[in-house]
There are 2 protein chains.
Amino acid sequence: MRKENSTNFLNEKDLANNCGMYYTITLIGGRWKISILAALLDHEVMRYSEIKTRLTNITERMLIKQLKELQDDGLIIRNDYKEVPPRVEYSISKKGRSLEKLLIEMQQWGKKHSKE
Amino acid sequence: MRKENSTNFLNEKDLANNCGMYYTITLIGGRWKISILAALLDHEVMRYSEIKTRLTNITERMLIKQLKELQDDGLIIRNDYKEVPPRVEYSISKKGRSLEKLLIEMQQWGKKHSKE
DNA sequence: ACAAGTACCTACAAAATTGTAGGTACCAAC
DNA sequence: GTTGGTACCTACAATTTTGTAGGTACTTGT
């Protein structure tokens, strides 16, 4: 759905390629991504429905979308048991786990400065 | 220009209020914000035109917009000399400077993981 | 009188993201 | 044979972000 030759697209791609910070932000900047990551960082494995319950305001469309992107970026792992009714478990990947320290610091910075 | 009662707006506000990480991301997540912050973190003061020259692909509309948001969020300081022709200098604030460590870590993480 | 330089601003259009409201498949239990 | 549960999907609409193409004010230099 993205136009791969729009100025917008090219600008973003350029930034992500040349700037480590921006690349990092593109991975965790989606609306619900850090919420999902935070959930998976302290749960080892979670079923789709458990994540949905935890993120009270998210819609299914958004949840699926963000999960898929996190998965494509290698931050989380999807495990489909191919059962009926479906059972799918998500867990954090090694790459995802390596973000933990950063996320904690972002949490602390945010808490400290959000009331200024 | 934002609808202050749209689901979209409320969801974002809710996240920013309740989650330090998300708050942090909203401040630095704009398309050009970290580029601007990075520039100001290693220049002490920069004129508007200097920033524009450094961010080669940015348009004036976006530069002004991102500068204003960074200023509203207290990360940078605008100093208007009220001269003609205009002279306006931007510099990093104390709050902005306190992000430096985090940004460096994001840079390192990004550099390390962007080729996986 | 006219161009040049600086730091903006504005209306409109294009593109991207997010939300709404439905639907699917499969099997088990009633 | 209808219902319930799970993890999705899809079309469309609303919202938001970003880009394009112009314009402004003021003064100095030519």
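Lettering follows sequence order; numbering is per chain, from 1.
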Give the residues of [range] touching DNA chain D, defined as any heavy atom closer than 4.0 Å, sorted by residue number.
range                     : answer
residues 40-47 of chain B : none
residues 6-16 of chain A  : A:T7, A:N8, A:N11
residues 66-83 of chain A : A:K68, A:R78
residues 31-39 of chain A : none

The bend of the helix from C:dA1-D:dT30 to C:dC30-D:dG1, taken between the axes of its five terminal pairs at each end and rounded to 10°, is 30°
Contacts of A:E83 meeting side-chain hydrogen bond (donor to acceptor under 3.5 Å, both in side chains) (sequence neighbours excluded), chain-then-number -> A:R87
side-chain hydrogen bond (donor to acceptor under 3.5 Å, both in side chains) filter on B:Q71, not counting sequence neighbours, yields none
Measure the spacing between [atom1] of [X] and [atom2] of [Y] and express it to the nearest 0.5 Å.
X      : Y      : atom1 : atom2 : result
A:L37  : A:L102 : CG    : CG    : 11.0 Å
B:E60  : B:K52  : CD    : NZ    : 4.0 Å
A:L67  : A:I76  : CG    : CD1   : 4.5 Å
A:L55  : A:R31  : CG    : CZ    : 13.0 Å
B:Q108 : B:L103 : CD    : CG    : 11.0 Å
A:K111 : A:Q107 : NZ    : CD    : 5.5 Å

Salt bridge (Lys or Arg N to Asp or Glu O under 4.0 Å) filter on B:D80, not counting sequence neighbours, yields B:R78
Got a salt bridge between A:R97 and A:D42, using NZ or NE/NH1/NH2 to carboxylate O under 4.0 Å? no
**Asked** Do B:K101 and B:E105 sit within salt-bridge range, that is, some charged N less than 4.0 Å from a carboxylate O?
**Response** yes
Measure [atom1]/[X] against [atom2]/[N] and give the value in whole Å, please.
X     : N      : atom1 : atom2 : result
A:M62 : D:dT10 : CE    : P     : 14 Å
B:I64 : D:dT18 : CD1   : P     : 15 Å
A:N5  : D:dG19 : CG    : C1'   : 14 Å
B:E89 : C:dA7  : CD    : C1'   : 13 Å
B:E50 : C:dG5  : CD    : C1'   : 15 Å
A:K52 : D:dC8  : NZ    : P     : 11 Å
B:L63 : D:dT18 : CG    : C1'   : 14 Å
A:I58 : C:dG19 : CD1   : C1'   : 12 Å

Going 5' to 3' through nucleotides 21-30 of chain C and flagging B where a protein heavy-atom sits under 4.0 Å of the base, S where only the sugar-phosphate is that close, and - otherwise, we get -----BS---
*Do the side chains of A:I77 and A:L40 join up, straight or via other hydrophobic residues, at under 4.5 Å, putting them in one cluster?*
no
Would B:L27 and B:L41 show up in the same hydrophobic cluster when neighbours are defined by side-chain heavy atoms closer than 4.5 Å? yes
Ring pair (Phe, Tyr, Trp, His ring centres under 6.0 Å) pairs touching residues 72-109 of chain A, sequence neighbours excluded, are A:W109-A:H113
Tracing side-chain contacts under 4.5 Å among Ile, Leu, Val, Met, Phe, Trp and Tyr outward from B:F9 reaches B:L10
Looking only at heavy atoms, the pair that brings B:T53 and B:T56 closest together is O-CG2, 3.7 Å
Taking every heavy atom of B:I28 against every heavy atom of B:I34, the minimum-distance pair comes out as O-CG2, 3.7 Å
Of B:V88 and A:G29, the one whose closest nucleotide on DNA chain C sits nearer the 5' end is B:V88
Applying side-chain contact (heavy atoms from CB on, under 4.5 Å) to A:V45 and not counting sequence neighbours gives A:E89, A:S91
Exercise. Do A:Q66 side-chain atoms and A:L63 backbone N/O form a donor-acceptor pair below 3.5 Å?
Worked result: no
Exercise for the section: May I ask you to verify if any side-chain N or O of B:Y90 is less than 4.0 angstrom from the OP1 or OP2 atom of C:dC8? Expected result: yes
Q. Is the phosphate of C:dA16, meaning OP1 or OP2, less than 4.0 Å from a side-chain N or O of A:R2?
A. yes
